[in-house]
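Taking it in order: structure first as structure tokens, then the write-up.
What you are looking at is a predicted structure, and each value in this text was computed from that prediction instead of being measured.
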Amino acid sequence: RLARAFVHGPGFGHVHPRTEKNARQMLVRLLDLCPRRDRLNPDHGKRFPDGEPGAKSLSDPDRVLARLDTFIAAYGSRALLFETWAANPMLFELLVLLIDRSEFLAETAIRTPDLLDSLEESGQLLRCKTADQTLRELQHGRSDPDQRLWLRRYHQTEIMRIGLRDILGLAEEEQCLSELSALAEACLEYALEVVWETYGGGPLPLAVVGLGKLGGSEIDYGSDLDVMLVAEDRARDLAKLQRVAAAFIEMVSGQTELGSTFKMDVRLRPDGEKGLLVNPLRACEEYYRNRAQLWEIQALSRCRFVAGNRDLGDRFERAVTAMCDFSKPTGAAVAARTPNWKQEIARMRFRIEKERTPHGKDHLAIKTGTGGLVDAEFVAQALALEHGWHEPNTLRALELARNEGALERADADLLIDNFRKLRRVACILRRWSYEGETELPDDPAPMYRVAVRCGFTRAEDLIEAVARYRRNIRAVYNKVFGL
């Protein structure tokens with residue numbers, strides 16, 4: 001029934017023979033992407049490399065057909081669209097894979113049917129962009145009368161571009177995370193420039209510091225941006241800077257007809273939600289050096305300047321580097337002198353595992369559960385604190401630990417390899433919904449669909465592989481924390 005509707009349209013009326021021919025050709029291409037027994041990967045538990053047959057198998061062909069019909073209706077001309085696909089079959093395959101791999105991006109494509117054509121024809125899918133390049137493109141829109149909408153339109157296009165590069169295997173996962181982080185940085189810089197100009201402009205006495213995934217250049221699909229706002233000590237009007245900060249957050253996070261650009265989280269600032277939105281540099285140093293708890297210093301170890309006054313941001317980073325150097329406790333924050341601080345971090349990890357993992361679903365909780373992504377992140381942060389490294393990126397911190405001998409090479413290799421594989425599964429989950437998903441589905445049908453998107457042929461293979469990744473991560477975690 002779905003196939004007939006695809007060929008003839010919803011009314012099943014007269015269709016021009018050429019349109020019907022083109023439609024049937026597209027159906028053949030669609031069927032060629034459906035899973036078949038002769039495509040099954042004999043090495044169960046191994047992900048298909050990008051470009052291999054299994055990497056393009058559809059996880060839900062019926063749903064793809066239904067969503068294609070919705071896309072055609074939004075496009076408005078079935079005959080013209082089929083002509084376009086017949087002339088450029090790769091454009092059709094691109095749309096099919098997009099629909100199968102990401103509901104969020106499929107919805108975006110349906111709302112803006114010309115977006116895929118323009119990205120493919122412009123060659124943008126082959127580009128890898130830095131934060132500076134992205135900012136220069138954003139600045140072309142400074143004359144737009146509605147800057148919030150301009151920011152969101154640009155963000156929507158870039159998320160589609162990065163997502164397609166990911167889906168088509170044109171960029172490795174780490175490159176996608178880097179580009180998503182670069183997009184976030186550019187959007188923050190641009191929004192701050194726009195807001196500051198409305199307050200009179202001039203030298204900007206404000207720096208935006210990224211924490212968490214933003215600090216580590218590890219922004220994933222749908223990640224919130226953890227930020228802290230730091231002011232120059234000599235800034236004359238701190239009350240004005242609080243208003244600037246509020247307007248800046250609204251520019252980025254406020255809801256419009258196109259949603260928000262990024263959700264911003266400023267709760268990691270000094271004194272948390274009770275504290276000022278903007279704190280002078282000296283006040284930040286005093287707080288983190290003398291009053292912050294261990295978990296706050298652990299979070300601070302992932303900080304990185306991302307927007308605003310670079311000199312101010314660099315001075316903040318230098319202060320943080322000293323405060324987070326637990327190898328020199330006399331110069332570090334008071335929290336560095338916490339007795340058995342590494343064991344205290346392990347206790348914090350245990351609480352996260354028990355309190356944030358749904359009861360009875362540890363095997364599905366790929367972030368917070370036993371051997372989940374948080375294990376690897378805590379290893380990286382603890383080693384950075386212990387050795388005085390300022391490296392907010394999890395993977396680079398683990399590689400540094402291997403190169404410096406802080407981890408035995410075999411353990412480091414095992415941890416890095418399995419962290420990468422587990423993080424890839426998490427990225428594929430989040431790419432589907434553009435939400436902060438941290439658990440595998442517990443129903444067989446959606447679990448199968450996730451497995452196919454991850455390059456496995458059976459749900460059981462994915463479950464077995466994830467369990468193996470997590471066992472290996474936990475084994476190294478236990479060694480590092482002496483458990």
When rounded to the nearest 0.5 Å, the distance separating CG of L206 from CG of L192 is 5.5 Å
query = Can you find a pair of side-chain heavy atoms, one from L229 and one from F248, that are under 4.5 Å apart?
reply = yes
d(T261 OG1, Q255 CD) to nearest 0.5 Å is 9.5 Å
Between the OG1 atom in T108 and the CZ atom in F104, the distance rounded to the nearest 0.5 Å is 4.5 Å
So salt bridge (Lys or Arg N to Asp or Glu O under 4.0 Å) across residues 240-264, not counting sequence neighbours, yields R148-E250
Using a strict cut-off of less than 4.0 Å between a Lys/Arg side-chain nitrogen and an Asp/Glu carboxylate oxygen, indicate whether D314 and R318 qualify as a salt bridge. no
- Task: Could you check D311 against R315 for salt bridge (Lys or Arg N to Asp or Glu O under 4.0 Å), going step by step and ending with a plain yes or no?
- Result: CA-CA 6 Å; D311 176 67; R315 280 183 276 134; 3.0 Å; yes
inquiry  = Do L241 and L276 make a side-chain contact, defined as non-hydrogen atoms from C-beta onward lying under 4.5 Å apart?
reply    = no
Heavy-atom neighbours of R291 CZ exceed 12 at 6.0 Å:
yes
Would you tell me whether T394 and E218 have side-chain atoms, one donor and one acceptor, within less than 3.5 Å of each other?
yes
Scanning both residues in full, the closest heavy-atom pair of A299 with L211 reads O-CD2, 3.8 Å
How far apart are the C-alpha atoms of D114 and Y75, what are their side-chain angles, what is the distance that settles it, and do they pass the side-chain hydrogen bond (donor to acceptor under 3.5 Å, both in side chains) test?
CA-CA 8 Å; D114 295 330; Y75 192 87; 4.7 Å; no
Note to self: Using a 6.0 Å distance limit plus a 45 degree cone around the ring axis, check whether R101 lies over the aromatic ring of W432.
What the structure shows: no
Next item on the list: Using a 4.5 Å cut-off on heavy atoms from C-beta on, say whether the side chain of I249 contacts that of L277.
Entry: yes
Residues at least two apart in sequence or cross-chain that pass salt bridge (charged side-chain N to carboxylate O under 4.0 Å, His left out) with E437, listed by chain then number, are none
| Considering residues, nucleotides and ligands other than K367, do more than 12 of their heavy atoms fall under 6.0 Å from its NZ? | no
Could you tell me whether E173 and R423 have a side-chain N and a carboxylate O separated by less than 4.0 Å? yes
Note: R470 and G372 closest approach over all heavy atoms is NE-N, 4.2 Å
- [ ] Assess the side chains of E296 and Y288: does a donor N or O sit below 3.5 Å from an acceptor N or O?
- [x] no
**Request:** May I ask you to check whether F262 and H155 place their ring centers less than 6.0 Å from one another?
**Result:** yes
Applying salt bridge (charged side-chain N to carboxylate O under 4.0 Å, His left out) to R289 and not counting sequence neighbours gives none
Set out, in order, the CA-CA distance, both residues' side-chain angles and the distance that settles side-chain hydrogen bond (donor to acceptor under 3.5 Å, both in side chains) for Y154 and E137, then state yes or no.
CA-CA 9 Å; Y154 182 86; E137 291 185 0; 2.6 Å; yes
Side-chain touch L164/L98, heavy atoms, less than 4.5 angstrom: yes
Between the OH atom in Y469 and the CZ atom in F419, the distance rounded to the nearest 0.5 Å is 14.0 Å
Q: State, with a plain yes or no, whether a side-chain heavy atom of R67 is found less than 4.5 Å away from one of E107.
A: yes
### Task
Report yes or no: is the cationic atom of R304 (NZ for Lys, CZ for Arg) closer than 6.0 Å to the six-membered ring centre of F316, at no more than 45° off its axis?
no
Between R153 and E158 (salt bridge meaning N to carboxylate O under 4.0 Å), is one present in this structure? no
Applied to residues 369-379, the side-chain hydrogen bond (donor to acceptor under 3.5 Å, both in side chains) test, sequence neighbours excluded, yields R349-D375, E353-T370, D362-T370, D375-R474
- Message: Could you check whether any side-chain heavy atom of L214 comes within less than 4.5 Å of a side-chain heavy atom of L188, counting everything from C-beta outward?
- Response: yes
Across all chains, not counting sequence neighbours, the ring pair (Phe, Tyr, Trp, His ring centres under 6.0 Å) partners of W196 are none
> Taking 4.0 angstrom as the limit, do E93 and R29 come out as a salt bridge?
Replying inline: yes
Problem set entry | Short side-chain donor-acceptor distance under 3.5 Å, R430 and S223 | yes
Q | Sub-4.5 Å side-chain heavy-atom contact between L115 and L119 | A | yes
* What's the verdict on side-chain hydrogen bond (donor to acceptor under 3.5 Å, both in side chains) for Y221 and E435, showing C-alpha distance, side-chain angles and the deciding distance? -> CA-CA 7 Å; Y221 301 101; E435 297 288 344; over 6 Å; no
The reported gap from CD1 in I162 to SG in C176 (rounded to nearest 0.5 angstrom) is 7.5 Å
**Prompt:** So D100 and R449, salt bridge (Lys or Arg N to Asp or Glu O under 4.0 Å) or not? Walk me through it.
**Reply:** CA-CA 9 Å; D100 190 68; R449 292 192 288 269; over 6 Å; no
Residues passing the ring pair (Phe, Tyr, Trp, His ring centres under 6.0 Å) test with F71, sequence neighbours excluded, are none
message = Counting neighbours of CZ on R127 that are heavy atoms of other residues, nucleotides or ligands and sit closer than 6.0 Å, is the number greater than 12?
response = yes
Q | Donor-acceptor pair between R431 and S102 side chains, under 3.5 angstrom | A | no
Fill in: Test item: side-chain donor near acceptor, S260 and S253, under 3.5 Å
no
**Q.** Side-chain donor-acceptor contact under 3.5 Å, S217 with N393
**A.** no
Taken to the nearest 0.5 Å, the spacing of L81 CG from M26 CE works out to 10.0 Å
- Query: Do the charged groups of K213 and D220 touch, with an N to O distance under 4.0 Å?
  - Reply: no
